[in-house]
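Atom set for the values below is all heavy atoms of this structure, side chains included, hydrogens, waters and symmetry mates excluded. These numbers were taken from a predicted model, which means no experiment stands behind them.
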Amino acid sequence: MTKKRRLIMRLKTIALSAVLALGTLATPAFAQNATTEFDRAAEIEAALAAGDVKKGKSVFAKCKACHKVGDKAKNGVGPQLNDFFGVEIGSSEGFKYSKTLLAKKEEGVIWDIANLDAFLTKPKDFIEKTKMTFAGLKKEKDRANVIAYLASLQSVEE
């Protein structure tokens, strides 16, 4: 890897760390709205730069009982997690979401790095009365790694 490429990767990591730090402090009022311009490719690239995909796959093992990913992923206890970056919360076809999560969808809240980080920190703080019983991932690095893993599974096309 060239020196310039390492510098670019480091700057992206610093930028994403700032986003993640803000995300942990975010309340729904700070959530990105679907009317805001969203660059899916840049969001995926930033997530990949900030975390370790291999470590994220290991951490995602905690999620696999409820969430599926990959070509044949289907909704289960939780929605499948393919191609959700930049998509409104509560948009996995055929999954029955909680009323409070659907209210977020009506607000136009989308799954971006900051919202995903805030949700993964403590789901019930991000979406009251969510059906998700998972307590959350306390370690920022674990969240960054899971987000990187999920980003690695997203298609760049919208």
Side-chain angles (χ1 to χ4, degrees), residues 16-40 42-44 46-48 50-158:
L16 184 61
S17 293
V19 167
L20 289 174
L22 287 173
T24 60
L25 301 173
T27 63
F30 291 104
Q32 185 168 354
N33 189 295
T35 59
T36 305
E37 188 171 320
F38 183 81
D39 184 340
R40 183 181 181 87
E43 191 83 356
I44 291 169
L48 291 170
D52 181 308
V53 173
K54 187 175 180 182
K55 288 179 182 176
K57 185 175 183 179
S58 294
V59 176
F60 186 76
K62 296 176 183 181
C63 313
K64 287 171 75 171
C66 299
H67 296 283
K68 306 300 179 216
V69 293
D71 292 338
K72 296 181 182 183
K74 294 187 186 224
N75 294 328
V77 173
Q80 60 82 20
L81 298 178
N82 292 329
D83 294 323
F84 67 92
F85 274 47
V87 174
E88 284 181 333
I89 288 175
S91 295
S92 185
E93 194 173 315
F95 187 77
K96 187 174 181 188
Y97 292 97
S98 66
K99 290 178 184 177
T100 52
L101 196 138
L102 290 174
K104 292 275 187 212
K105 180 179 180 167
E106 288 177 20
E107 293 172 20
V109 178
I110 65 168
W111 284 124
D112 61 8
I113 292 170
N115 287 334
L116 187 56
D117 180 64
F119 185 70
L120 290 174
T121 299
K122 193 168 183 185
K124 291 194 184 288
D125 281 355
F126 188 73
I127 299 175
E128 289 182 30
K129 299 180 184 174
T130 180
K131 293 192 297 185
M132 188 160 146
T133 58
F134 184 66
L137 296 170
K138 303 300 177 219
K139 295 180 183 175
E140 183 178 325
K141 202 61 186 163
D142 283 348
R143 293 191 310 273
N145 291 339
V146 167
I147 293 168
Y149 171 65
L150 292 172
S152 75
L153 303 170
Q154 307 297 305
S155 63
V156 177
E157 298 84 32
E158 293 184 45

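Between Ala151 and Ile44, the closest heavy-atom pair is O-CG2, 3.6 Å. Listed here is the closest heavy atom pair of Asp83 and Gln154: CA-OE1, 2.8 Å. Residues Asn75 and Gly94 come closest through the heavy atom pair ND2-C, 3.6 Å. Here the closest heavy-atom approach between residue Ala47 and residue Phe85 is recorded as CB-CE2, 4.2 Å. Taking both residues in full, the closest heavy atoms of Ile113 and Ile147 are given as O-CD1, 4.1 Å, listed atom of the first, atom of the second, then distance.
The shortest side-chain heavy-atom distance between Val59 and Lys139 does not fall under the 4.5 Å cut-off. Residues Met132 and Phe119 have side chains in contact (heavy-atom distance under 4.5 Å, counting atoms from C-beta outward).
Shown here is Lys55, whose NZ atom has no more than 12 heavy atoms of other residues, nucleotides or ligands within 6.0 Å. The 12-atom threshold is exceeded at NZ of Lys124, counting heavy atoms of other residues, nucleotides or ligands nearer than 6.0 Å. The environment of Lys72 atom NZ is sparse: at most 12 non-hydrogen atoms of other residues, nucleotides or ligands sit within 6.0 angstrom.
Using modelled atom types and a 3.5 Å distance limit, the side chains of Asn115 and Asp112 yield a donor-acceptor pair.
Atoms CD1 and CD1, on Ile89 and Ile110 in that order, are 8.5 Å from each other to the nearest 0.5 Å. Rounded to the nearest 0.5 angstrom, Phe126 CZ and Leu116 CG are separated by 9.0 Å.
Checking side-chain atoms of Gln80 against main-chain N and O of Ser92 turns up no donor-acceptor pair under 3.5 Å.
Contacts of Asp52 classified as side chain to side chain donor-acceptor pair (under 3.5 Å), with partners at least two apart in sequence or in another chain: none. In this view, Ser98 and Thr100 satisfy the side chain to side chain donor-acceptor pair (under 3.5 Å) rule, not counting sequence neighbours. By the side-chain contact (heavy atoms from CB on, under 4.5 Å) test, Val69 is found to be paired with Phe60, Leu81, Asn82, Tyr149, Leu150, Leu153, residues two or more places apart in sequence or in another chain being considered.
A cation-pi contact links Lys131 to Phe95, judged by a cut-off of 6.0 Å to the six-membered ring centre and 45° from its axis.
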